[in-house]
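Input: a single structure, listed below in structure tokens.
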Amino acid sequence: MDHSQAIQMAKAGDPAAIAQLMNRTLQPKGILAKVSRSGDRLTIVLESEAMPDAQILVPYLQASLTKLAAAGISQVQIRGLQRFATQPAWVNAFELIPPVTNVTAITVRSQPATPHPHPAPVAKRNPGRTLQALILGGAAVLLILLGANLRTLGDRVTNKPQNTASIRTTSPTAAADGSFRAPIIDRLSGIPVINVKFNGVQTYTMMVDTGASLTLVTAQMASDLNVKPAGSAVFQTPGGMVNLDWGMMASIEVEGAIIGNVPVIIGLPDMRVGLLGQDFLQLFEITIREDHIEFKPKPKQRENSKV
């Protein structure tokens with residue numbers, strides 16, 4: 001159907017027409033909208049290669065659908081789905097409030113959605129630019145959000161084993177004070193990525209997340225390293241409460257600095273990059289440079305590392 005027909009049918013509540021209008025804007029950004037309707041409830045599934053950004057897309061769609069004023073639709077549920085994932089990364093629902101004025105098309109605007117008792121998060125950024133960025137940064141954003149929630153995760157793990165191992169520094173490039181440098185090999189949404197060795201045998205790229213209390217490894221890493229679940233933890237993510245397993249890692253090593261007997265969180269199956277958390281980072285004074293991170297053992301750790 002042409003654009004003018006799509007507008008009229010969308011106003012009449014036709015889900016296919018609503019999807020067509022949405023995809024005129026979203027598909028160039030790498031996002032596909034699938035729309036279905038059951039009575040007065042509209043369900044929208046947003047699918048993209050990277051995780052769809054709820055903080056941008058929910059306010060945008062809420063404002064657009066409110067102004068569209070589709071006949072007979074009063075409730076909306078939006079699901080963000082990373083391509084090939086079996087479960088949505090997040091789900092958001094809201095009720096539509098009758099608009100003050102009508103519009104003839106769905107358009108991206110920088111204003112937040114119309115307030116209601118349970119408003120969706122409103123990003124203080126330009127939606128168009130952010131939608132372009134989320135294709136490359138969406139997965140990193142999810143990990144950053146997970147890292148923020150892992151700050152208090154240590155208190156929620158039942159019988160979490162304590163890591164009492166002190167650090168050992170064997171790096172041949174370490175300075176007299178024990179400090180050393182780890183090259184930054186990439187950045188994801190501005191977060192530095194370095195190489196980290198686990199159990200002394202396998203090296204993986206990991207995001208350095210100073211906000212995560214525990215290190216998070218991907219499900220693939222856990223499988224490769226034979227990390228067996230020893231318990232589970234429940235915490236809040238953008239998609240709601242999530243239960244994740246944790247297990248014990250024999251060692252975590254960065255450029256010769258090693259800690260042992262470390263509890264790690266095992267991430268969701270579709271995660272591609274892990275997080276190096278405070279269980280390792282808290283042992284150092286850290287300086288992030290343009291092309292490397294400087295790790296300097298804290299005074300107590302320097303004493304413990306002496307042989």
**Asked** Is there a side-chain contact between W246 and V264 (heavy atoms, below 4.5 Å)?
**Response** no
**Request:** Using side chain to side chain contact (heavy atoms under 4.5 Å, CB included) as the criterion, list what pairs up with Q27, not counting sequence neighbours.
**Result:** N23, L32
**Asked** Stepwise, does the side-chain contact (heavy atoms from CB on, under 4.5 Å) test hold for I293 with F180?
**Response** CA-CA 8 Å; I293 300 178; F180 60 94; over 6 Å; no
**Item:** Backbone of P52 reached by a side-chain donor or acceptor of W90 within 3.5 Å
**Value:** yes
**Prompt:** Do L275 and L188 share a hydrophobic cluster (ILVMFWY, side-chain heavy atoms under 4.5 Å, transitive)?
**Reply:** yes
**Complete:** Heavy-atom closest pair (R79 atom, Q77 atom, distance to 0.1 Å) is NE-OE1, 2.7 Å
**Complete:** Correct closest heavy-atom pair for F284 and K298 would be O-CE, 3.3 Å
**Message:** Tell me if a side-chain donor or acceptor on S38 pairs with a main-chain N or O of R41 at a distance below 3.5 Å.
**Reply:** no
**Item:** Least distance between heavy atoms, L276 atom then I252 atom
**Value:** CD1-CG2, 4.0 Å
**Prompt:** Looking only at heavy atoms, what is the nearest atom pair of A257 and F280, with distance?
**Reply:** O-CE1, 3.7 Å
**Message:** Taking L225 as the starting point, is it possible to reach V196 by hopping between hydrophobic residues whose side chains are less than 4.5 Å apart?
**Reply:** yes
**Request:** Would you mind reporting whether T43 and K34 have side-chain heavy atoms less than 4.5 Å apart?
**Result:** no
**Asked** With I184, which of V193, V208, I288 fulfils side-chain contact (heavy atoms from CB on, under 4.5 Å)?
**Response** I288
**Message:** Tell me if a side-chain donor or acceptor on T66 pairs with a main-chain N or O of Q62 at a distance below 3.5 Å.
**Reply:** yes
**R181 and E255 ion-paired at < 4.0 Å** = no
**Message:** Do M249 and V227 have side chains that approach each other closer than 4.5 Å (heavy atoms only, starting at C-beta)?
**Reply:** yes
**Residues, nucleotides or ligands: over 12 heavy atoms within 6.0 Å of Q87 CD** = no
**Request:** Could you check if a side-chain atom of F295 sits within less than 4.5 angstrom of a side-chain atom of L283, using non-hydrogen atoms only?
**Result:** no
**Asked** Quick check: are there more than 12 heavy atoms from other residues, nucleotides or ligands sitting under 6.0 Å from CZ of R37?
**Response** yes
**Request:** Please determine, by modelled atom types, if N195 and T203 share a side-chain donor-acceptor pair under 3.5 angstrom.
**Result:** no
**Item:** Flag, side chain of Q8 to backbone of Q5, donor-acceptor distance under 3.5 Å
**Value:** no
**Request:** Compare all side-chain heavy atoms of E49 with those of Q82 and state whether any distance is below 4.5 angstrom.
**Result:** no
**Request:** Output, in order, the C-alpha distance, side-chain angles, deciding distance and verdict of side-chain contact (heavy atoms from CB on, under 4.5 Å) for R289 and E294.
**Result:** CA-CA 7 Å; R289 304 295 187 185; E294 294 180 1; 3.4 Å; yes
**Interatomic distance, F198 atom CZ to E253 atom CD [nearest 0.5 angstrom]** = 10.5 Å
**Spatial distance of atom CG (L216) from atom CE (M207) [nearest 0.5 Å]** = 10.5 Å
**Request:** Go through the steps to decide whether M206 and T215 satisfy the test side-chain contact (heavy atoms from CB on, under 4.5 Å), and finish with yes or no.
**Result:** CA-CA 9 Å; M206 299 281 285; T215 291; 3.8 Å; yes
**Interatomic spacing from CD1 in I266 to CG in D245 - rounded to 0.5 Å** = 5.5 Å
**V35 side chain reached by M22 side chain, heavy atoms, under 4.5 Å** = yes
**Request:** Would you give the length of the straight line joining atom CD of Q220 to atom OH of Y204, rounded to the nearest 0.5 angstrom?
**Result:** 7.0 Å
**Asked** Do L96 and L65 come close enough that some side-chain heavy atom pair is under 4.5 Å?
**Response** yes
**Item:** Non-hydrogen side-chain atoms of L81 and L46 separated by less than 4.5 Å
**Value:** no
**Complete:** The reported gap from CD1 in I73 to NZ in K11 (rounded to nearest 0.5 angstrom) is 12.0 Å
**Item:** I194 versus P183, closest heavy-atom pair with distance
**Value:** CG2-O, 3.5 Å
**Message:** If we check side-chain contact (heavy atoms from CB on, under 4.5 Å) with N92, which of these qualifies: I44, V58, L57, L61?
**Reply:** V58
**Heavy-atom closest contact (L214 atom, P263 atom, distance)** = CD2-O, 4.4 Å
**Prompt:** How many angstroms lie between atom CE of M221 and atom CG of N199, to the nearest 0.5 angstrom?
**Reply:** 9.5 Å
